[in-house]
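These notes are about the structure you will find just below.
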Amino acid sequence: YAPAPNPNLLGPFGERLALEEDLKKSIERNQLCVHYQPIVQLPSQEIRGVEALLRWVHPVRGVVSPGEFIPIAEEIGFIVEMGDWVLEESCRQMRQWHRQYPQYENLFVSVNVSPRQFADQTLVTRVKECLDRTGLPGSLLKLEITESAIMSDPKTASLRLEEIRALGVQISLDDFGTGY
């Protein structure tokens, strides 16, 4: 591991630059991981699926808060690459669990999609290719999309949501009611 230049030389600006540089290399350095939070149906208490939560384990900083690195990744455009990585890892892991535990073959995985990812014209193609590569049925993938991502361009969003649904993928609105 070779850290970015000494951030102390430039103060807060240098710290931010160092964080950006480290973040851009986090995938190739195997520093990202996905934690899975169970989604439980009430009142039966049955686990119906899991939500994929991205974590960044930095070799010097330790676990970096998503509240710190997600906005930066969004700003610098790295969120699309990170989002693809999370999608691929989550689908692959869910498919592996289905094979290992056939009694849970109907569990789904829920993955957050950032506004920048949702706006990317190649999103649907990338989701389809990920499902094809991993063998996960579209019906066992749920994409969580923020209300603000949809409302920024409702007409285009509606078409994109229809294309996603055509893959059999479930859609859920995240942070509904907080923006519009």
Side-chain angles (χ1 to χ4, degrees), residues 16 19-20 23-24 26-27 32-43 46-56 64-95 97-98 105-180:
R16 166 68 188 242
L19 192 63
E20 284 180 18
L23 185 58
K24 288 176 188 176
S26 62
I27 292 175
L32 298 181
C33 65
V34 179
H35 290 199
Y36 298 93
Q37 177 174 297
I39 297 172
V40 179
Q41 181 177 359
L42 299 176
E46 282 185 77
I47 295 177
R48 306 303 278 174
V50 296
E51 181 176 5
L53 303 171
L54 179 62
R55 297 296 181 254
W56 179 21
V64 181
S65 165
E68 185 177 357
F69 74 86
I70 296 292
I72 293 171
E74 187 84 27
E75 284 176 35
I76 65 175
F78 188 61
I79 196 73
V80 173
E81 187 175 342
M82 279 178 44
D84 286 348
W85 183 88
V86 172
L87 180 66
E88 185 85 22
E89 178 64 21
S90 301
C91 290
R92 184 198 59 72
Q93 180 63 66
M94 182 54 67
R95 190 66 186 116
W97 283 335
H98 288 158
E105 67 186 1
N106 291 321
L107 288 181
F108 67 87
V109 62
S110 184
V111 178
N112 290 293
V113 175
S114 81
R116 188 175 281 225
Q117 282 178 276
F118 187 71
D120 189 300
Q121 295 178 357
T122 63
L123 173 68
V124 177
T125 300
R126 292 190 333 270
V127 170
K128 181 183 182 328
E129 289 171 353
C130 177
L131 293 172
D132 290 345
R133 272 190 308 276
T134 62
L136 185 72
S139 61
L140 298 178
L141 173 62
K142 183 182 287 188
L143 297 180
E144 292 187 26
I145 301 165
T146 62
E147 178 185 14
S148 60
I150 293 170
M151 296 309 293
S152 65
D153 183 356
K155 186 175 180 179
T156 301
S158 178
L159 295 172
R160 186 146 306 131
L161 291 171
E162 286 178 28
E163 292 175 319
I164 292 169
R165 291 287 298 146
L167 298 175
V169 173
Q170 302 175 62
I171 298 165
S172 120
L173 285 180
D174 200 15
D175 299 332
F176 183 74
T178 61
Y180 293 87

Please test Leu54 against Asn112 for side chain to side chain contact (heavy atoms under 4.5 Å, CB included), starting from the C-alpha separation and ending with a verdict. CA-CA 9 Å; Leu54 179 62; Asn112 290 293; over 6 Å; no
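- With Val127 as reference, Leu143 is the one residue of Leu143, Ile164, Val111 to meet the side chain to side chain contact (heavy atoms under 4.5 Å, CB included) rule.
- For Arg95, there are no side chain to side chain donor-acceptor pair (under 3.5 Å) partners, not counting sequence neighbours.
- Distance alone, capped at 3.5 Å, places no donor-acceptor pair between the Ser158 side chain and the Pro154 backbone.
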For Gln170 and Leu141, run side chain to side chain contact (heavy atoms under 4.5 Å, CB included): C-alpha distance rounded to whole Å, both residues' side-chain angles, the deciding distance at 0.1 Å, then the answer. CA-CA 6 Å; Gln170 302 175 62; Leu141 173 62; over 6 Å; no
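- With hydrogens and angles ignored, the 3.5 Å screen pairs a side-chain donor or acceptor of Arg160 with a backbone N or O of Phe118.
- Checked by atom type and distance alone, the side chain of His98 pairs as donor or acceptor with a backbone atom of Leu107 at under 3.5 Å.
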Begin from the C-alpha positions of Trp97 and Tyr36 and carry the test side chain to side chain contact (heavy atoms under 4.5 Å, CB included) through to its verdict. CA-CA 12 Å; Trp97 283 335; Tyr36 298 93; 3.5 Å; yes
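- Of the possible donor and acceptor atoms, one in the side chain of Ser152 sits under 3.5 Å from a partner among the backbone N and O of Ala149.
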Test side chain to side chain donor-acceptor pair (under 3.5 Å) applied to Glu144 and Ser110, step by step: CA-CA 7 Å; Glu144 292 187 26; Ser110 184; 2.5 Å; yes
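- Shown here are the side chain to side chain donor-acceptor pair (under 3.5 Å) partners of Glu74, two or more places apart in sequence or in another chain: Ser114.
- Residues that satisfy the side chain to side chain donor-acceptor pair (under 3.5 Å) test with Glu88, not counting sequence neighbours, are Arg133.
- In this structure, the side-chain contact (heavy atoms from CB on, under 4.5 Å) partners of Arg48, at least two apart in sequence or on a different chain, are Gln41, Glu46, Phe108.
- Every residue meeting the side-chain contact (heavy atoms from CB on, under 4.5 Å) condition with Pro38, not counting sequence neighbours, appears here in chain and number order: Val40, Ile47.
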I would like to know whether Asp84 and Gln117 meet side chain to side chain donor-acceptor pair (under 3.5 Å); could you show each step before the answer? CA-CA 9 Å; Asp84 286 348; Gln117 282 178 276; 4.7 Å; no
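- In this structure, Lys128 pairs ionically with Asp132, as a charged nitrogen and a carboxylate oxygen lie closer than 4.0 Å.
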Intermediate values then yes/no, side chain to side chain contact (heavy atoms under 4.5 Å, CB included), Thr134 and Gln93: CA-CA 9 Å; Thr134 62; Gln93 180 63 66; over 6 Å; no
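- Partners of Trp85 by ring-ring contact (aromatic ring centres under 6.0 Å, His included), not counting sequence neighbours: none found.
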